[in-house]
Amino acid sequence: MGDEQLRLRNTTVHPSTTDLVTRCLAGNASAWDALVQRFAGLVHSVPVRHGLSPMEVDDVGQEVFLALARHLDRIENPEALPAWLLITARRLSWRAVQKRRQEINLVTDDNPNTNEQNRDSSLQMPGMETLLAGWQRQEALQNGLNRLDVKCRSLLWMLFLDRQEPSYEEISAHLSVPIGSIGPTRTRCLGKLRSILNSLGFPSAF
Amino acid sequence: MDHFDDVRLDAFIFDAVPLGAEETSHVAECPLCRERIAARSLLREELNNARQSHPTPQQLNRYSRLFDAVAVQSLGQRLGPLLATLRLALVMDSRQGALGLRRAAGFGHRLLYSSDQVDVELLVEPEGSTWHIDGDVLPFDPDTIDPPYLVELQISHESDSMADPPLYAAPSEASGRFRLAGVLSGRYLLSLTPARGPVIEIPGLEIP
């Protein structure tokens, strides 16, 4: 693994992670909220890559932020926080995978005819390089989407990020755009997103 | 045929509009098209991951409240069982002879680390210009620490509270045995995350 891949870039965002951690340690709850806002999706992306269920993803997120709250006063280099979050999320995801596998084994012990392979197929154990690269892509996406104009951000949000997965009809009604223009507008917005990612230094992200 | 335009490519990737016969044969002969398709497929995958990862307002609210919950606890209460760590100390190094003399470098050696709950035995052997580490985790009470373990080797820092991502990682066998191969010389922090129980840490592990 190359040395560059081992480090998570701290994308230039304001306030910096160091500022936020310093303010958290001074008891500033809004700085903590900002840390949570900045990293919750990235932390969740780790258990998602392990194939864990939404409830398990939630458990991992809860435990990571609880561990962070407990460890805050021991952080000596806040710029390394993304790496710490990734490592911690990975360890907790590992545990969740093992727990699920044990439960599956219990089920299969009770029901020898159960097809274990099928029941376990969603679980993954991605390597650290995969997780690092994925974290960086998620961070790039997050930064890129935040810099898009409102129209594009709203459209891409509804198309790709809204958990309700609205239909084209619903998107058309919500954004007041003809259904027929959604595809071409999506293409233009994805093009803008790629340009922004290039300008942020993620030329090969997608 | 001409290259795909972006709208057609996006329809193929994001709307699963299938390629026609002519388009399929074009892709087969067009490395640039395949590259563009691969990039969009990766984007689709990451957008899907982002959708599943995006925190709900309720989740953000719960995570936010953790700060208050922890901030009002005393330090003693903070050191709860969640992600608790066990730090092991070196109790035996086979390179140390009976008179405390170190054997010549280049041979394999055994190390035994211990705490009041678990022993970890390591066999470090050369393999070309690198080393491999065979390990065995031996909990005193199998009910408190469950294998398998996620084994991670990180560069050791003065303070390990914020470490770099691991350079080497592997899952252990169900028995707790593990192997890390191709390890370069250095000073490491070895971490073993069990399926259940505290994270086991061996700080300052010297690979010669």
Side-chain angles (χ1 to χ4, degrees), chain A residues 1 6-8 24 27 29 32-33 36-37 40-42 44-45 48-49 54 57-58 61-63 65-67 69-71 74-77 80-81 83-84 86-88 90-92 94-95 98-99 102 125 127-128 132 134 137-138 141-142 159-163 183-184 186-187 190-191 206, chain B residues 5-7 9-11 14-15 39-40 42-56 59-60 62-64 66-71 73 75 78-80 82-83 146-150 152 154-155 157-159 161-169 171 191 193-196 199:
Chain A
M1 197 188 309
L6 286 172
R7 305 197 184 280
L8 287 170
C24 283
W32 172 258
D33 292 346
V36 166
Q37 287 272 359
L42 291 166
H44 284 180
S45 72
V48 166
R49 278 183 215 285
V57 170
D58 188 27
Q62 174 98 359
E63 291 185 33
F65 283 103
L66 182 55
R70 286 174 167 163
H71 281 77
R74 284 183 264 163
I75 294 175
E76 293 190 356
N77 175 18
L81 182 60
W84 184 89
L86 173 57
I87 292 167
T88 306
R90 187 196 194 199
R91 289 178 179 174
L92 291 165
W94 156 264
R95 288 191 165 182
Q98 299 312 317
K99 187 179 172 197
Q102 283 176 356
M125 279 307 302
M128 195 43 132
L132 278 167
R137 286 195 296 268
Q138 285 295 313
L141 255 187
Q142 194 170 297
L159 282 169
F160 299 119
L161 299 176
D162 191 330
R163 288 196 186 203
R186 173 184 63 187
T187 294
L190 289 174
F206 304 110
Chain B
D5 65 30
D6 285 337
V7 175
L9 219 45
D10 286 344
F14 297 111
D15 300 328
R40 276 169 168 76
L42 184 60
L43 177 58
R44 182 189 57 196
E45 190 182 307
E46 288 301 333
L47 285 166
N48 190 38
N49 183 302
R51 181 181 354 234
Q52 295 177 64
S53 304
H54 192 74
T56 63
Q59 285 173 323
L60 289 175
R62 266 191 289 113
Y63 300 165
S64 288
L66 291 172
F67 184 70
D68 295 331
V70 173
Q73 291 178 350
L75 182 61
R78 284 192 207 185
L79 304 175
L82 184 71
L83 277 185
D146 273 353
Y149 305 90
L150 174 62
E152 297 171 303
Q154 299 160 263
I155 294 292
H157 291 290
E158 285 302 311
S159 163
S161 62
M162 282 285 140
D164 292 330
L167 288 166
Y168 310 93
S191 304
T193 304
R196 185 173 61 91
V199 176

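Side chains are part of it too, since the values below use all heavy atoms of this structure and drop only hydrogens, waters and symmetry mates. By convention in this document, chain letters (A, B, ...) are assigned in the order of the sequence lines, proteins followed by strands, and residues within each chain are numbered from 1.
- Side chain of Arg137(A) to backbone of Glu46(B): no donor-acceptor contact under 3.5 angstrom is found.
- The side chain to side chain donor-acceptor pair (under 3.5 Å) check on Ser53(B) picks up Asn49(B), with sequence neighbours excluded.
- Contact count versus chain B (heavy atoms, under 4.5 Å) is highest, among Met125(A), Gln37(A), Arg49(A), Gln142(A), for Arg49(A).
- Contact count versus chain B (heavy atoms, under 4.5 Å) is highest, among Leu42(A), Leu159(A), Asp33(A), Val57(A), for Asp33(A).
- Per-residue heavy-atom pair counts under 4.5 Å with chain A were compared for Thr56(B), Asp146(B), Asp15(B), and the maximum is reached by Asp15(B).
- Remark: Asp10(B) engages Arg186(A), Thr187(A), Leu190(A), Phe14(B), Arg40(B) in a side chain to side chain contact (heavy atoms under 4.5 Å, CB included) (not counting sequence neighbours).
- Highest contact tally toward chain B, considering only Pro184(A), Pro54(A), Gly61(A), Gly27(A), is held by Gly61(A) [criterion: heavy-atom pairs under 4.5 Å].
- Separation of the Phe160(A) and His54(B) ring centroids does not fall under the 6.0 Å cut-off.
- One finds no salt bridge joining Arg95(A) and Glu63(A) here, because no Lys/Arg side-chain nitrogen approaches an Asp/Glu carboxylate oxygen to under 4.0 Å.
- Heavy-atom distances place no part of Asp5(B) under 4.5 Å from chain A, backbone and side chain included.
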